[in-house]
Amino acid sequence: MNREVRVRFAPSPTGALHIGGVRTALYNYLFARKTNGKFLLRIEDTDQTRFVQGAENYIKEALDWLGISPDESPWNPGDCGPYRQSERKPMYMQYAMDLVEKGHAYYAFDTAEELDAMRERLTAARVVSPQYNSITRTQMKNSLTLPEDEVKARLASGEPYVIRIKIPRKEEVRLNDLIRGWVMVHSSTLDDKVLMKSDGMPTYHLANIVDDHLMGITHVIRGEEWLPSAPLHVLLYKYFGWEETMPEFAHLPLLLKPDGNGKLSKRDADKHGFPVFPMDWTDPNTGEKAMGFKEQGYLKEALINFLAFLGWNPGDHREMFTLEELVEAFSIERIGKSGTKFDINKAKWYNEQYLRAKSDSELAGYLMADLELEGIPIEADKAAQIAHIMKERATFPADLWKEGKFMLIAPSAFDETVASKKWNQDAVTVLNAYKEKLSVFSGGFNPETAKSLLEAAAEENGIKLGKVMQAVRLAATGVGAGPDLMAVFSIIGKDELAQRIGFALEKLSV
RNA sequence: GGUCCGUUCGUCUAGGGGUUAGGACGCAUCCCUUUCACGGAUGAAACACGGGUUCGAUUCCCGUAUCGACUACCA
């Protein structure tokens with residue numbers, strides 16, 4: 001089999017795309033690029049009741065933002081369209097009928113109440129797993145138990161029905177998962193899953209197999225939650241006679257909660273204050289809001305790198321990978337088997353790494369955007385200077401402004417603990433002298449001159465500069481910690497600095 | 001309950017019949033820095049348990065525990 005590799009990401013438009021889905025999309029993308037194959041996106045919207053307006057667009061936007069856009073999709077169709085299952089609706093019935101004719105599927109007329117009654121009966125009889133299967137179907141209303149005439153009559157009368165797969169009673173179903181190896185399940189534990197719903201829509205199981213076949217999918221890379229139904233899918237390929245081109249399966253380990261156990265959910269996000277969605281999202285029905293990595297200040301490079309390492313590693317000690325480098329290094333064999341707890345600290349660390357790697361001018365852009373919102377004017381050059389000295393201590397672009405505020409806004413209050421410890425007569429003396437020197441200084445004001453003036457102010461009064469440095473910082477910035485003070489002074493400018501010192505001298509008492 | 005899947009530092013993981021079990025995040029200490037941060041160095045920290053197989057098992061096999069997924073006319 002030397003077919004061109006074709007993989008797909010097949011989300012349901014039922015809300016914001018979960019970060020786990022983003023990872024699945026990423027792995028599909030990486031595999032496609034690595035093998036010079038195609039990455040397709042198919043919208044699985046067969047459940048009309050769960051359709052959410054805007055969800056599909058959200059998926060598109062999120063993948064576009066991260067730079068992992070599909071080669072074929074509803075908005076960029078290839079030769080295998082349509083790419084929305086709802087638009088493929090007319091295609092599925094014939095395949096279901098094919099199975100019925102071959103004796104691998106049958107009509108079932110049971111109502112929801114009858115199904116409930118059956119399950120209750122089974123539960124009461126202490127049957128281990130109440131399900132519609134090779135045993136119980138003999139007691140239900142379907143084309144296997146009803147006389148042929150009646151089946152025809154029911155169909156003709158327009159009575160609602162579903163089509164169920166007829167799972168064989170005794171058969172070992174095997175599949176070779178690329179990540180987990182051979183998985184074997186006995187057909188007796190499988191149930192007769194519904195293939196066609198009474199509304200004429202296929203279920204996931206049918207649509208998925210038909211579409212993957214029709215779209216020439218060679219590898220199914222999806223979440224581990226699908227592993228239990230994979231044997232059913234294998235059976236379907238067999239019954240359709242598509243075994244020769246059945247895709248290979250790779251079931252990805254799940255993303256877990258950072259604490260305790262269970263799947264990562266939006267609740268965890270809210271509880272810990274971190275996002276689990278790529279971008280902000282407001283549910284159009286409930287109005288419920290969810291925050292996104294993008295809006296929280298995560299850089300796409302960082303998110304990609306972080307996500308790639310959630311369940312995969314290159315086999316060596318490298319940690320930093322661009323998308324291109326990931327493509328180069330990626331292989332399904334190196335995907336782990338066990339669930340992965342979500343550690344937001346690692347994501348932050350990645351963000352810091354990528355933030356620091358950015359140029360001052362690019363970072364200045366973020367800062368200027370924030371400042372514009374605040375209504376504070378600033379020149380690009382000054383913004384770049386601030387970005388330069390702030391980027392070593394920022395996690396997110398917004399920190400440039402948040403943590404560097406004092407360079408643009410004079411302090412109105414002073415950190416009390418620092419003041420009580422460091423504000424003394426010597427500091428007042430030096431600051432007075434420094435202020436005086438600043439007011440008469442007419443040369444170029446830069447970190448060097450700022451420092452020599454300060455040194456002179458201290459020396460002339462016989463005071464060790466080190467002793468009053470903290471107080472000087474406090475006077476100029478209001479706080480006791482920050483970037484190199486002389487660089488800060490240079491950015492603040494001498495007049496503004498003198499003014500701030502004057503204010504501090506007034507406000508603080510020894 | 002049943003089926004399936006997994007189990008190496010707190011977390012992400014490398015490794016694999018004989019290793020001082022390696023790296024990263026986080027944490028701690030020290031250095032650098034007239035502060036903080038960055039950076040550098042150091043440190044604490046792991047093979048779930050019980051049986052086999054073997055000269056030897058963390059690594060292979062079996063069992064137990066435990067985690068998780070699935071168990072819908074949802075995907």
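Both backbone and side-chain heavy atoms feed into the values below; hydrogens, waters and symmetry mates do not. A, B, ... follow the sequence lines: proteins, then strands. Residue 1 opens every chain.
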Under 3.5 Å, which protein N or O atoms sit close to an N or O of nucleotides 20-23 of chain B? Give each pair with its distance.
residue, atom, partner, partner atom, Å
B:G23, O4', A:His317, NE2, 3.3

Strictly under 3.5 Å: I want the nitrogen or oxygen pairs between protein and nucleotides 38-45 of chain B, one per line.
residue, atom, partner, partner atom, Å
B:C38, O2', A:Glu392, OE1, 2.4

What protein N or O atoms touch nucleotides 47-49 of chain B N or O atoms at under 3.5 angstrom, if any, and at what distances?
none

Interface polar pairs with nucleotides 2-5 of chain B, N/O, under 3.5 angstrom:
residue, atom, partner, partner atom, Å
B:C5, O2', A:Arg180, NH1, 2.7
B:C5, O2', A:Glu224, OE2, 3.0

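Closest to the side chain of A:Lys197, out of B:C70, B:C74, B:U11, is B:C74. Distances were taken from every side-chain heavy atom of A:Met469 (C-beta onward) to each of B:U34, B:G10, B:A75; the shortest belongs to B:U34.
A:Phe309 comes within 4.0 angstrom of the backbone, heavy atoms only, and of no base. Heavy atoms of A:Thr46 sit under 4.0 angstrom from primed sugar atoms or phosphate atoms, though from no base atom. A:Arg119 comes within contact range of the sugar-phosphate backbone alone, with a heavy-atom separation under 4.0 Å but no base atom that close. Using a 4.0 Å heavy-atom distance criterion, A:Asp484 is classed as a base contact. Residue-level contact check: A:Asp399 touches neither bases nor backbone, having no heavy atom under 4.0 Å from any strand. Across all strands, A:Gly311 comes closer than 4.0 Å only to sugar-phosphate atoms, never to a base (heavy-atom distances).
Taking the charged nitrogens against the carboxylate oxygens, A:Glu171 and A:Lys238 do have a contact shorter than 4.0 Å, which makes a salt bridge.
Between A:Arg334 and B:G15 there is a side-chain polar atom (N or O) within less than 4.0 angstrom of OP1 or OP2.
Using a 3.5 Å distance cut-off with no hydrogens or angles, the side chains of A:Asn446 and A:Thr449 do pair a donor with an acceptor.
Applying the side chain to side chain donor-acceptor pair (under 3.5 Å) criterion to A:Thr49, with sequence neighbours excluded, gives A:Asp47.
With hydrogens and angles left out, the side chain of A:Thr203 and the base of B:C73 share no donor-acceptor pair within 3.5 Å.
Evaluation of the salt bridge (Lys or Arg N to Asp or Glu O under 4.0 Å) test over residues 456-482 of chain A, restricted to residues two or more places apart or in two chains, returns A:Lys437-A:Glu460.
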